[in-house]
Asker: 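Dropping a structure here in structure tokens format, bear with me for questions.
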Amino acid sequence: MSVEQLKNTIFAKIGNASAKAFGHVPDALEIGFPPNPEFGHFAVGCFPLAKPLRRSPSEIARRIAEKMTGDEVIQEINVAGPYINLKVWPQVLFGEVCRTIFAAGEGYGGSAVGRGKRVMVEYLSPNTNKPLHLGHLRNGALGMSVSRLLEATGHAVVKANLINDRGVHICKSMLAWQEWGGGSTPESEGLKGDHFVGRWYVRFAQEAEKKPALESEVQKMLQSWEAGDPPTVKLWETMNNWVYDGFAQTYRQFGLDFDVFYYESDTYKLGKDIIQKGIETNVFSKDKQGNTVFHLPFDEFGQEKGGELKKVTVLRPDGTSLYITQDIATSIVKVTEHNLDFSIYVVGSEQEYHFRCLFEILSALGYGWAQHCYHLSYGMVYLPEGKMKSREGKIVDADDLIDAMQVLAADEIRQRDPEGRLALDEINARAEKIGIGAIKFYLLRVRPTQSINFDPAESISFDGFTGPYCQYAYARIFGILAKAPPGADDRQQAAFALLGNPEELLLLQKLIQFPEEVNNAVGEFNPSRIALHIFNTAKAFNQFYNKHPVLHAADKQLVAARLALIQATAIVLKKGLHLLGLEVLENM
RNA sequence: GCGCCUGUAGCUCAGCUGGAUAGAGCAACGGACUUCUAAUCCGUAGGCCGCAGGUUCGAAUCCUGCCAGGCGUACCA
């Protein structure tokens, strides 16, 4: 009997009793958990029956419960006001839940709701003129987690990275390096490629302040690039490749991966072609200044103060393309190349208007799939004044933060290893999982719409509602399993009837709820639900751990039952952390 | 001005498809390691759920108005 079947059994029983009491079989009841495990294991509120039966929820609960008796599944039935609280025999409750989890393994919590659906998650989307920063890390953590959530629910996921590799900002670092670089390279300077290029971008800004004429030189360089001037294109390729090498290192370290890369240098021309065709079909028109524009429908966008329809410019008078021009093309390429059922864009909330316009234009161009495009918008990451400034300006550099977190984690590990038994490799391997886990968890633990006030002290904490706290619970379980004598976890020996104290019940409740939370998280594209639930699971385990021995429990059957319970817990913790992009450790 | 988001404990946030006494982490204070890793656990304290109306048997949750902050408001990305 699975957890689902257990719930169905309860529904059936209540349905029967309701039929006896009122001649009415309810269809809208929901099963939940009582606030206090002592009330029971499951709770059913009778509010939805109040209207059809025209009686108070309390009376309904009382009269239904009167018609119910215990059986081989239900141990006890209690009424508390409008709630029917049920206790299930512990051997059934713990036994069935553990068996369900073991049978599903790391598939526990997943489902097949997305089977046959192909979905693209575009995320990160950096510019190639400077290194990644904290905002990119939030984007990356979100994109990766949402991808894994979709995979866990049966979707075929294509992870995409859209690289903004052309434009005047790219030319700035090119020009600066050409002028003052003196042939230096990332190798010669011992710098990551993206940091090296970013340095020239900053240099340009400094020089341009002194000498404004540089701005027009950059424009000239952009024109050379668009004209395909070989030396300019060569320079562009060289510097972009340096950046890609640097990004690749950061992706690898932060655990981000992609199935496909799109480059705006590839799509911006296609964008122009699509606009041309759209002009012929009257989707676009020219305004007085010579811009090619799209008029936004009044119903959804309203109008300008002057009473005219709002409009989006899709081509400048000189025929050069804009951000949205390229995005129109990329959106179309994505769908046609990958036959998508759904296309997700993980991009900050400051671009909400942009995406509303983009999807509107795609619709107007006749692409019905535009309604299956979704902008996964997330809030900004704000920095406290004056803190964590890097030399390059008021940003938190992604690589610096990752390094700093690993150093802190390594310090913590050494504190726990005063005799210096651990090899340096082992310390570093653990520090990487812990440090990166801390960052990802910190960025994912609030819902995407919330902006994050980056608090350096809190972000580096390993206590409380953090990734390392959850990882530690897993490591503790592993520690117990490693010390268990051979055969101690023989499940034939496990007497689940001996389980049922409040700590065990709370822990079990978290294991039962996990699949539902995965479902909610996917439905809302909201990994924070997983973060919260995994934290609560880890906390429930720690509470149990602190109060009840596992290996030293009174008898073998109890040891085996508790081992099964914590093995099931380990599966849920690992799976949940995986959905957030965190790795587990067997020792911390 | 208009649009979207946010406002819950000193701080950071859950709860927002209405239901059992509003929860958690951090910070503060007090406890628990000869016992499966104390990166842990237990306890204390801390709240006109931004304000005002309305709907409801019942509102942090839904509706209206207002206040405060953030983002956006298109020829930047």
Side-chain angles (χ1 to χ4, degrees), chain A residues 32 34-36 39 43 45-47 50 56-57 80-83 85 125 127 164 167-169 264 287 289-294 296 300-305 310-318 320-327 347-354 356-357 377-380 382 409 412-413 415-416 434 438 442 445-447 449-453 455 457-459 461-466 468-473 475-484 528-529 531-533 535-536 538-539 541-553 559 562-563 566 587-588:
Chain A
N36 183 337
F39 294 179
C46 292
F47 307 103
S56 82
Y83 291 93
N85 293 323
S125 307
N127 291 354
N164 184 352
V168 75
H169 50 294
E264 295 203 340
D287 71 4
Q289 291 85 35
N291 292 305
T292 305
V293 299
F294 175 78
L296 294 159
E300 284 151 71
F301 290 84
Q303 60 188 17
E304 296 288 356
K305 280 176 208 151
K310 294 193 172 189
K311 58 192 185 182
V312 189
T313 303
V314 293
L315 276 184
R316 294 193 186 92
D318 64 0
T320 55
S321 71
L322 287 95
Y323 178 52
I324 200 159
T325 321
Q326 302 157 33
D327 258 13
V347 180
S349 61
E350 72 275 12
Q351 295 197 33
E352 272 168 17
Y353 191 76
H354 167 79
R356 276 183 69 200
C357 293
S377 166
Y378 60 91
M380 323 218 75
Y382 294 101
E412 293 279 333
I413 293 163
Q415 274 177 38
R416 287 160 183 78
I434 295 168
Y442 180 79
R445 68 183 192 175
V446 300
R447 53 187 208 274
T449 49
Q450 276 281 352
S451 53
I452 293 178
N453 295 300
D455 177 344
E458 196 182 26
S459 72
S461 162
F462 299 147
D463 301 321
F465 187 20
T466 66
Y469 176 95
C470 301
Q471 289 170 321
Y472 183 60
R476 278 180 140 180
I477 293 174
F478 195 85
I480 297 171
L481 297 177
K483 286 196 173 140
S528 80
R529 301 197 73 122
L532 184 65
H533 189 258
F535 170 66
N536 285 328
K539 192 166 65 165
F541 168 76
N542 277 328
Q543 288 167 334
F544 161 76
Y545 175 94
N546 213 262
K547 204 161 173 185
H548 307 287
V550 176
L551 297 178
H552 307 304
V559 170
R562 284 190 175 155
L563 279 171
I566 68 171
N587 293 289
M588 276 176 79

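Naming convention: chains lettered A, B, ... in sequence-line order (proteins, then strands); numbering from 1 in each chain.
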Asker: Looking at A39(B), A77(B), U73(B), which one has an atom nearest to any side-chain atom of Tyr353(A)?
Answerer: U73(B)
Asker: Would you indicate what Ile324(A) reaches in the nucleic acid, counting non-hydrogen atoms under 4.0 angstrom: base, sugar-phosphate, or nothing?
Answerer: nothing
Asker: Which part of the nucleic acid does Val446(A) contact within heavy-atom distance under 4.0 Å: base, sugar-phosphate only, or nothing?
Answerer: sugar-phosphate
Asker: Regarding Asp463(A), tell me which of base, sugar-phosphate or nothing describes its non-hydrogen contacts under 4.0 Å with the strands shown.
Answerer: sugar-phosphate
Asker: With a 4.0 Å cut-off on heavy atoms, is Leu296(A) in touch with a base, just the backbone sugar-phosphate, or nothing at all?
Answerer: base
Asker: Tell me whether Arg476(A) forms a cation-pi arrangement with Tyr545(A), defined as NZ or CZ under 6.0 Å from the six-membered ring centre and within 45 degrees of its axis.
Answerer: yes
Asker: Within the structure shown, what part of the strands sits under 4.0 Å from Phe301(A) by heavy-atom distance: base, sugar-phosphate, or nothing?
Answerer: nothing
Asker: Check every strand shown and say whether His548(A) touches a base, only sugar-phosphate, or nothing at a heavy-atom separation below 4.0 Å.
Answerer: base
Asker: Write out a two-atom table: protein N or O, nucleotide N or O from nucleotides 41-44 of chain B, distance below 3.5 Å.
Answerer:
from: C41(B); atom 1: OP1; to: Tyr469(A); atom 2: OH; distance (Å): 2.4
from: C41(B); atom 1: O4'; to: Asn546(A); atom 2: ND2; distance (Å): 3.4
from: C41(B); atom 1: O2'; to: Asn546(A); atom 2: OD1; distance (Å): 3.2
from: C42(B); atom 1: OP1; to: Gln543(A); atom 2: NE2; distance (Å): 2.7

Asker: Partners of Ser377(A) by side-chain hydrogen bond (donor to acceptor under 3.5 Å, both in side chains), sequence neighbours excluded?
Answerer: Glu352(A)
Asker: For the pair made of CD in Glu350(A) and C1' in A77(B), what is the distance, rounded to whole Å?
Answerer: 9 Å
Asker: Extract the stems that RNA chain B is part of, considering only consecutive pairing runs of at least three Watson-Crick or G-U wobble pairs, both distances under 3.5 Å.
Answerer: B:1-7 with B:67-73, B:10-13 with B:23-26, B:28-32 with B:40-44, B:50-54 with B:62-66
Asker: NA contact type, Gln415(A), heavy-atom cut-off 4.0 Å: base, sugar-phosphate, or nothing?
Answerer: nothing
Asker: Indicate, with a heavy-atom threshold strictly under 4.0 Å, whether Ile434(A) touches base, sugar-phosphate, or nothing.
Answerer: base
Asker: If you look at every strand shown and take non-hydrogen atoms under 4.0 Å, does Asn587(A) touch a base, only sugar-phosphate, or nothing?
Answerer: base
Asker: In whole Å, I'd like the distance from the NZ atom of Lys311(A) to the P atom of C75(B).
Answerer: 11 Å
Asker: All N/O contacts under 3.5 Å from nucleotides 58-64 of chain B to the protein, with atom names and distances to one decimal?
Answerer:
none

Asker: Leu532(A) has a side chain; which of C36(B), G25(B), A14(B) sits nearest to it?
Answerer: A14(B)
Asker: Would you classify Ala482(A) as touching base, sugar-phosphate or nothing, given that sugar-phosphate means primed atoms plus P, OP1 and OP2, and contacts are heavy atoms under 4.0 Å?
Answerer: nothing
Asker: Applying side-chain hydrogen bond (donor to acceptor under 3.5 Å, both in side chains), can you list everything that pairs with Asn291(A), at least two apart in sequence or on another chain?
Answerer: Asp287(A)
Asker: Across nucleotides 17-22 of chain B, 5' to 3', mark each nucleotide with B, S or - according to how protein heavy atoms within less than 4.0 Å reach it.
Answerer: --BBB-
Asker: Hey, does the Lys NZ or Arg CZ of Arg356(A) hover above the aromatic six-ring of Phe301(A), less than 6.0 Å from the centre and inside 45° of the axis?
Answerer: yes
